[in-house]
Q: 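This is the structure, below, for whatever I ask next.
In listed order, ligands and their atoms are each counted from 1.
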Amino acid sequence: MTEHAVVIAGGGPTGMMLAAELALAKVDVAIVERRPDSVLVESRALGFHSRTIEVLDQRGIADRFLAEGKTAQTAVIGMTVLDISDFPTRHPYGLGLPQNHIERILAGWVAELPVRIHYGCEVTGFTQDDTGVDVELSDGRSLRAKYLAGCDGGRSVIRKGAGIDFPGWDATRSNLIAEVEVTEDVPRGIRNDATGVHALSRSEDGRTVRVVTTEQQLGPNSEPTLRDLSLALKTVYGTDFGIHSPVWISRFTDMTRQAASYRAGRVLLAGDSAHVHYPAGGQGIGLGMQDAANLGWKLAEVVNGTAPESLLDTFQNERHPVAAGLLRHTMAQTALQRQDERMKAVVEVVSVLAKMDEPRKYLGGMIHGLDIHYDLGEGHPLLGRRMPDLDLGNADGPLRVFELLHGARPVLLNLGEPGSFDIAPWAERVQLVDADYVGTWDLPVIGVVTAPAAVLIRPDGYVAWVGDGTDTGLRDAMTTWFGPPTAT
Ligand SMILES: Cc1cc2nc3c(=O)[nH]c(=O)nc-3n(C[C@H](O)[C@H](O)[C@H](O)COP(=O)(O)OP(=O)(O)OC[C@H]3O[C@@H](n4cnc5c(N)ncnc54)[C@H](O)[C@@H]3O)c2cc1C
């Protein structure tokens, strides 16, 4: 039986991000992916928002995505675009890039790292014991791992196999989504009516058309056909535009559910396997990739034996509330798409509010994921929030904060007297960087905060400790996040 420290079921955006994070932390990791290769035929998502670009920037790979996509103001509520171009981030925008390209670029990054990928087979089941998990594959093989991560999407076999509840709300609305050829011209733009949203757009190759339409009644839980799509289009547009030769057709719904627990013993869930929602707001990929960025370094520390298993509980404590809030928001967004006369009136009211500065900042910060605040206790406003990508300077010249995070290792950033910290017992685990920063500390949504004398930054870019000129609380924070000190 082949052994790995971690096996990941599913090589979508979440699984690939998690694998990369583990590989950067020198963990022996393997992905099992049902598809024959990394090519995604059904391109569902059309991009992601600011914080996800920042997370990729923290690993030095944001430029690969930015070079192929189009930056734009991607946060929308009702019919109002929430412009965040004045937000204090290096990326005050979202990125338009189809999911098949996002996955291709991620797969290219993963290929540069020591990650084993088993394409063309499924995880069919598993059993866990005190020391690990036996993972059964559809080709008859099995793998042994210390931990199994379920990144296998909304219908997760791992979630079901672990017996984890998936409470939430049943579907009330379904959409057909497809890529087809047509014999007639198609109208441009989005149409909203009492059922929901409908849109047709030419694909990049100019040959096919991408169609999204809301069905008049909730569709069955089976694969849709070209005839279903034809009927749905005729109802909305009076014609089916002569659709033929489908590349793919799929159905999605507004079913909204969240795993009651993100962990059952040695089994963890991240991404769509832990939460599903209607794609209104376009936040699914970012949510999953940020789950992975939160889990990766923690799981690596546990697997590598530097931190106790209890560190894994913080994954659920931090990420469950973020997804719960996002799920509520997508339900509101979904309701706003259903434009009968009464909902149109609601959209008008929401639009007036969303144009005001405070609501714009609040909603823009939320949709872009720039407002995330993990509850790490009382203290400086930076505690538990994302570290800004400041332009620093030190004896070696200029440097950016995010450059310090490329290797996914924690950083103690000392902005006070050089040499004033001694972290010898953690020297193997935490980088100590003396640097200067001249400028304000401006955070999205909450504004300017008092300049700290030092900050302890976790590998996922969130601040774990803020210094006031002393080292009070630093040892505790280092022990909590990066394990007990080693004898020096
Ligand atoms: C129409 C639509 C539009 C969307 N638009 C956006 C958008 O604009 N922005 C955005 O951020 N999100 C959007 N989303 C959501 C986004 O597509 C998902 O949230 C995202 O793909 C989740 O990534 P994941 O890796 O967690 O899961 P998935 O992408 O579902 O990946 C799971 C992977 O696991 C594999 N797998 C499944 N079961 C097994 C098994 N048993 N063994 C091995 N492999 C397995 C699958 O083949 C797949 O590759 C949209 C979704 C839809 C349906």
Q: Taking only residues at least two apart or on different chains, which pairs with a member in residues 266-277 satisfy side chain to side chain donor-acceptor pair (under 3.5 Å)?
A: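 Every side chain to side chain donor-acceptor pair (under 3.5 Å) pair that includes a residue of residues 266-277, provided the two are not neighbours, is H275-D291.
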Q: Which atoms of ligand 1 are found less than 4.0 Å from any heavy atom of G286?
A: 11 (O)
Q: Hey, are R202 and E179 close enough for a salt bridge, meaning a charged N less than 4.0 Å from a carboxylate O?
A: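 Between E179 and R202 there is no salt bridge, as every charged N stays at least 4.0 Å from the carboxylate O atoms.
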Q: Using a 4.0 Å cutoff against the non-hydrogen atoms of I285, which atoms of ligand 1 qualify?
A: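 Near I285, meaning under 4.0 Å from one of its heavy atoms, ligand 1 has 10 (C), 11 (O), 12 (N), 16 (C), 19 (O), 20 (C).
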Q: Relative to ligand 1, is F252 under 4.0 angstrom through side chain, backbone, both or neither, heavy atoms considered?
A: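 The answer is the side chain.
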Q: Should we count OH of Y362 as having more than 12 external heavy atoms under 6.0 Å?
A: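 No - once you tally the heavy atoms of other residues, nucleotides and ligands closer than 6.0 Å, there are 12 at most.
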Q: Could you tell me whether R141 and D139 have a side-chain N and a carboxylate O separated by less than 4.0 Å?
A: yes
Q: Using modelled atom types and a 3.5 Å cut-off, is there a donor and acceptor pairing between side-chain atoms of H329 and backbone atoms of A324?
A: no
Q: Among all the protein's non-hydrogen atoms, which is closest to atom 34 (O) of ligand 1, and how far away is it?
A: G10 CA, 3.2 Å
Q: Starting from atom 38 (N) of ligand 1, what is the nearest protein heavy atom, named by residue and atom, and what distance separates them?
A: R34 NH2, 3.2 Å
Q: Starting from atom 31 (O) of ligand 1, locate the nearest protein heavy atom and write down its residue, its atom name and how far away it is, to 0.1 Å.
A: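 Result for atom 31 (O) of ligand 1: G12 CA, 3.6 Å.
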Q: I need the nearest protein heavy-atom contact for atom 17 (O) of ligand 1: residue, atom name and distance, please.
A: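 Ranking protein heavy atoms by distance from atom 17 (O) of ligand 1, first comes Q99 OE1, 2.8 Å.
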Q: Identify which of G154, G288, P13 has a heavy atom lying nearest to atom 23 (O) of ligand 1.
A: P13
Q: At less than 4.0 angstrom from any non-hydrogen atom of L46, what atoms of ligand 1 do you find?
A: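 Under 4.0 Å from L46, ligand 1 has these atoms: 7 (C), 8 (O).
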Q: Within the structure, does R210 bring an N/O atom to less than 3.5 angstrom of an N/O atom in ligand 1?
A: no
Q: Touching ligand 1 at all, G47? Heavy atoms, strictly under 4.0 Å?
A: yes
Q: Between L218 and T172, what is the shortest heavy-atom contact and its length?
A: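 That would be CD1-C, 3.9 Å.
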Q: Looking at every heavy atom in both F402 and P388, which two are closest together, and how far apart are they?
A: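 That would be CE1-C, 4.2 Å.
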Q: Select the closest option to atom 27 (O) of ligand 1 among G153, G271, G282, A292, judged by heavy-atom distance.
A: G153
Q: When you measure from the side chain of E68 to the backbone N and O of F65, does any donor-acceptor pair fall under 3.5 Å?
A: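 Between the backbone of F65 and the side chain of E68 there is no qualifying donor-acceptor contact (under 3.5 Å).
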Q: For A45, state whether at least one heavy atom is located under 4.0 Å from any atom of ligand 1.
A: yes
Q: Tell me, which protein residue and heavy-atom name are nearest atom 46 (C) of ligand 1, and how many Å apart are they?
A: E33 OE2, 3.5 Å
Q: Any atoms of ligand 1 less than 4.0 Å from a non-hydrogen atom of I177? List them with their elements.
A: 1 (C)
Q: If hydrogens are left out, which of V157, D152, I8 has an atom nearest to atom 36 (N) of ligand 1, that is, the closest non-hydrogen atom?
A: D152
Q: Please check this pair: side chain of R159 against backbone of Y262, looking for a donor-acceptor N/O pair closer than 3.5 Å.
A: no
Q: Which of the numbered atoms in ligand 1 are below 4.0 angstrom from a heavy atom of E122?
A: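 Near E122, the atoms of ligand 1 are 42 (N), 43 (C).
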Q: Looking only at protein heavy atoms, which one is nearest to atom 19 (O) of ligand 1, and how far off is it?
A: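 Nearest neighbour among protein heavy atoms for atom 19 (O) of ligand 1, to 0.1 Å: D272 OD1, 2.9 Å.
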Q: Write out all pairs satisfying side chain to side chain donor-acceptor pair (under 3.5 Å) with one or both partners inside residues 16-29, taking only residues at least two apart or from two chains.
A: H4-D28, E21-R59
Q: Which heavy atom of T195 sits nearest a heavy atom of R173, and at what distance?
A: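 In terms of heavy atoms, the two residues are closest at O-NE, 3.6 Å.
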Q: Kindly identify the option in V123, T124, T14 whose heavy atom sits closest to atom 41 (N) of ligand 1.
A: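 The residue whose heavy atom sits nearest atom 41 (N) of ligand 1 is V123.
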Q: Among protein heavy atoms, which sits nearest to atom 29 (O) of ligand 1, and what does the distance come to when rounded to 0.1 Å?
A: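 So the nearest neighbour among protein heavy atoms is R44 NH2, 2.9 Å.
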Q: Is the number of heavy atoms from other residues, nucleotides or ligands under 6.0 Å of D357 CG greater than 12?
A: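 Yes.
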Q: Atom NZ of residue position K160 - does it have more than 12 heavy atoms of other residues, nucleotides or ligands inside 6.0 Å?
A: yes
Q: Atoms of ligand 1 less than 4.0 Å from C151 heavy atoms?
A: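 Checking each atom against C151, I get 32 (C), 33 (C), 34 (O).
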Q: Quick one: which ligand 1 atoms are inside 4.0 Å of a heavy atom on Q283?
A: 10 (C), 11 (O)
Q: Give the residue, atom name and distance (to 0.1 Å) of the protein heavy atom nearest atom 15 (C) of ligand 1.
A: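 Ranked first by proximity to atom 15 (C) of ligand 1 is G284 CA, 4.0 Å.
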Q: Answer yes if the side chains of K298 and T314 hold a donor-acceptor pair under 3.5 Å, and no otherwise.
A: yes
